[in-house]
Number of protein chains: 2
Amino acid sequence: MQNKRQLLVETALQLFYQHGVNSIGINEVIKHSGIAKKTLYNYFASKEELVLATLAERHQRFINWLTAQLSDCHSNRELAEKLFSGLDLWFHNKADSLGNFRGCFFINTAAEFGDPSSAIHQACLQHKRAVEALIAAHMPQPNTALLSLLCILKEGAIVCAYVNHQPDAARQSLQALLPLLHD
Amino acid sequence: MQNKRQLLVETALQLFYQHGVNSIGINEVIKHSGIAKKTLYNYFASKEELVLATLAERHQRFINWLTAQLSDCHSNRELAEKLFSGLDLWFHNKADSLGNFRGCFFINTAAEFGDPSSAIHQACLQHKRAVEALIAAHMPQPNTALLSLLCILKEGAIVCAYVNHQPDAARQSLQALLPLLHD
DNA sequence: ACAAAAGGAGACAGAGTTGTCTACTCTAAA
DNA sequence: TTTAGAGTAGACAACTCTGTCTCCTTTTGT
């Protein structure tokens, strides 16, 4: 029954995202999921593997959400509007599938696992690359400079919303960006 | 002899910034500084106090550096240029007083200590507020929308440079920003 | 129905952590 | 010179965390 595994990943993702990976021990995941430790170690060889599975789950969920947000863009301006409107919803806890906003799981986790050669850090990097590629794929008029700017503003808005307690950062970004986009 | 305390803070800051606070134990700080554990606990009641002291040290150092970078701005455009040129130097390890670039110590530490009520998280928030105030103080033509944008771009550039291995993020930000600024 | 696999509960080993404490050494001032 | 304060070295207690293992129960496939 593979939904034990799914339940473990879901529980761990929730806890890791809300409190940080290093603050949550295996026993906490056990307790909250109601699954035995032995079962966990049946599915995952180590905590690191569980963490990687939660990153993969979050990655897929975020990509799905973002894909839905960015559908049907007919101009770069529309793309920017949809991107930052989506972020704005997320920051205000109106993006159900992303859970309670606590910054970017990948930025936070990369900060906890600083060694760039670690598998966890690499997974965070790969996520960011994939998101950039997804935005690029939804760009009607390819423009690498604009792509970079969107990504930088996106990361900045996430950090400001989280660390700086500035949940309107996405809207502010969009307001500042719009005068640049005339197409 | 208070330079024992200073040496402890400096050693801890270096280690915490390079590897993350939770990855570095007290014993590591002891070993690298050559100072006895008892002496450390003479100056600091707990590891948390040592962490707060390193945050304060880094804060002062960053504020000093940024103040120097932003001196003598006669227009908002010049302010933006100086800000992102400074960040560009930092990302390329050419800002001596900030050490080897490993992202923003405060963003990273806030990610490790996610509980917003913890003293450590609060210190990170206060730093961000102080930096925003410093930028505001160097703005010849007050403009709160631009101030927000500068801060969001700054955070985004730091995250992209670090997590995304994109050290030119500051230059890209500036290039994108310049068309907006005509004064 | 019954054997085999999967799961539950939790004890336990081993490593690592913070923080305390003791015993010894060095230094600086009276 | 001697005495008090500061520092050193490191053992140690108390705790936490990961990962293993055992014993027992439940579920599942044939």
Side-chain angles (χ1 to χ4, degrees), chain A residues 1-57 108-109 111-115 117-121 123, chain B residues 1-57 108-109 111-115 117-121 123:
Chain A
M1 197 185 284
Q2 277 298 92
N3 43 10
K4 297 269 172 183
R5 192 195 133 102
Q6 188 58 27
L7 178 57
L8 281 168
V9 171
E10 225 140 293
T11 308
L13 172 54
Q14 179 69 15
L15 292 169
F16 288 162
Y17 179 48
Q18 290 302 317
H19 304 97
V21 173
N22 283 324
S23 300
I24 295 295
I26 288 294
N27 292 318
E28 206 85 14
V29 179
I30 300 307
K31 204 197 308 172
H32 278 77
S33 63
I35 288 175
K37 197 184 280 194
K38 182 166 190 207
T39 308
L40 188 153
Y41 280 100
N42 266 355
Y43 289 113
F44 305 98
S46 64
K47 184 184 180 183
E48 185 181 29
E49 272 198 16
L50 176 61
V51 174
L52 289 170
T54 64
L55 288 169
E57 173 71 24
N108 295 348
T109 304
E112 289 198 75
F113 296 81
D115 179 3
S117 66
S118 82
I120 291 177
H121 196 101
Chain B
M1 201 185 281
Q2 277 299 90
N3 43 12
K4 298 268 172 184
R5 193 195 133 100
Q6 188 58 27
L7 177 57
L8 280 168
V9 171
E10 224 140 294
T11 308
L13 172 54
Q14 179 70 13
L15 292 170
F16 288 162
Y17 179 48
Q18 291 302 317
H19 304 97
V21 172
N22 283 324
S23 300
I24 296 295
I26 289 293
N27 293 319
E28 206 86 12
V29 179
I30 300 307
K31 204 197 308 174
H32 278 76
S33 64
I35 287 174
K37 196 184 279 195
K38 181 158 194 217
T39 308
L40 187 153
Y41 280 99
N42 266 356
Y43 288 112
F44 305 98
S46 63
K47 184 185 179 183
E48 184 181 28
E49 272 199 16
L50 177 60
V51 174
L52 289 170
T54 63
L55 287 169
E57 174 72 25
N108 295 348
T109 305
E112 289 197 77
F113 296 81
D115 179 2
S117 65
S118 82
I120 290 177
H121 196 102

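Naming convention: chains lettered A, B, ... in sequence-line order (proteins, then strands); numbering from 1 in each chain.
- A straight line from CZ of B/F16 to P of C/dT17 spans 12 Å, rounded to a whole angstrom.
- Rounded to a whole Å, the CG atom of B/N42 is 13 Å from the P atom of C/dC21.
- If you measure from atom CG of B/L40 to atom P of D/dA9, you get 14 Å, rounded to the nearest angstrom.
- Residues A/Y43 and A/E49 form no side-chain contact, since every pair of their non-hydrogen atoms from C-beta on lies 4.5 Å or further apart.
- B/V21 places a side-chain heavy atom less than 4.5 Å from the side chain of B/K47.
- The separation between A/I30 atom CD1 and C/dG8 atom P is 9 Å, rounded to whole Å.
- Residue contacts for B/T39: at a heavy-atom cut-off of 4.0 Å it reaches a base atom on one of the strands shown.
- Using a 4.5 Å cut-off on side-chain heavy atoms (C-beta onward), B/K37 and B/N27 make contact.
- Residue A/K4 contributes atom NZ, which lies 9 Å from atom C1' of C/dG8 at whole-angstrom precision.
- A straight line from CG of B/L8 to C1' of D/dG7 spans 12 Å, rounded to a whole angstrom.
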Q.
I'd like to compare against my own output: the B/S/- annotation of nucleotides 10-20 of chain D with a strict under-4.0 Å heavy-atom distance to protein.
A. --------BBB
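- Atom NZ in A/K31 sits roughly 17 Å away from atom P in C/dG8 (whole-Å rounding).
- Counting only heavy atoms from C-beta outward, the side chains of A/H121 and A/D115 never approach each other to under 4.5 Å.
- At least one side-chain heavy atom of B/I26 sits less than 4.5 Å from a side-chain heavy atom of B/Y41.
- Annotation: side chain of B/T11 is not in contact with side chain of B/I35 (no heavy-atom distance under 4.5 Å).
- At the phosphate of C/dG7, OP1 or OP2 sits under 4.0 Å from a side-chain N or O atom of A/Y43.
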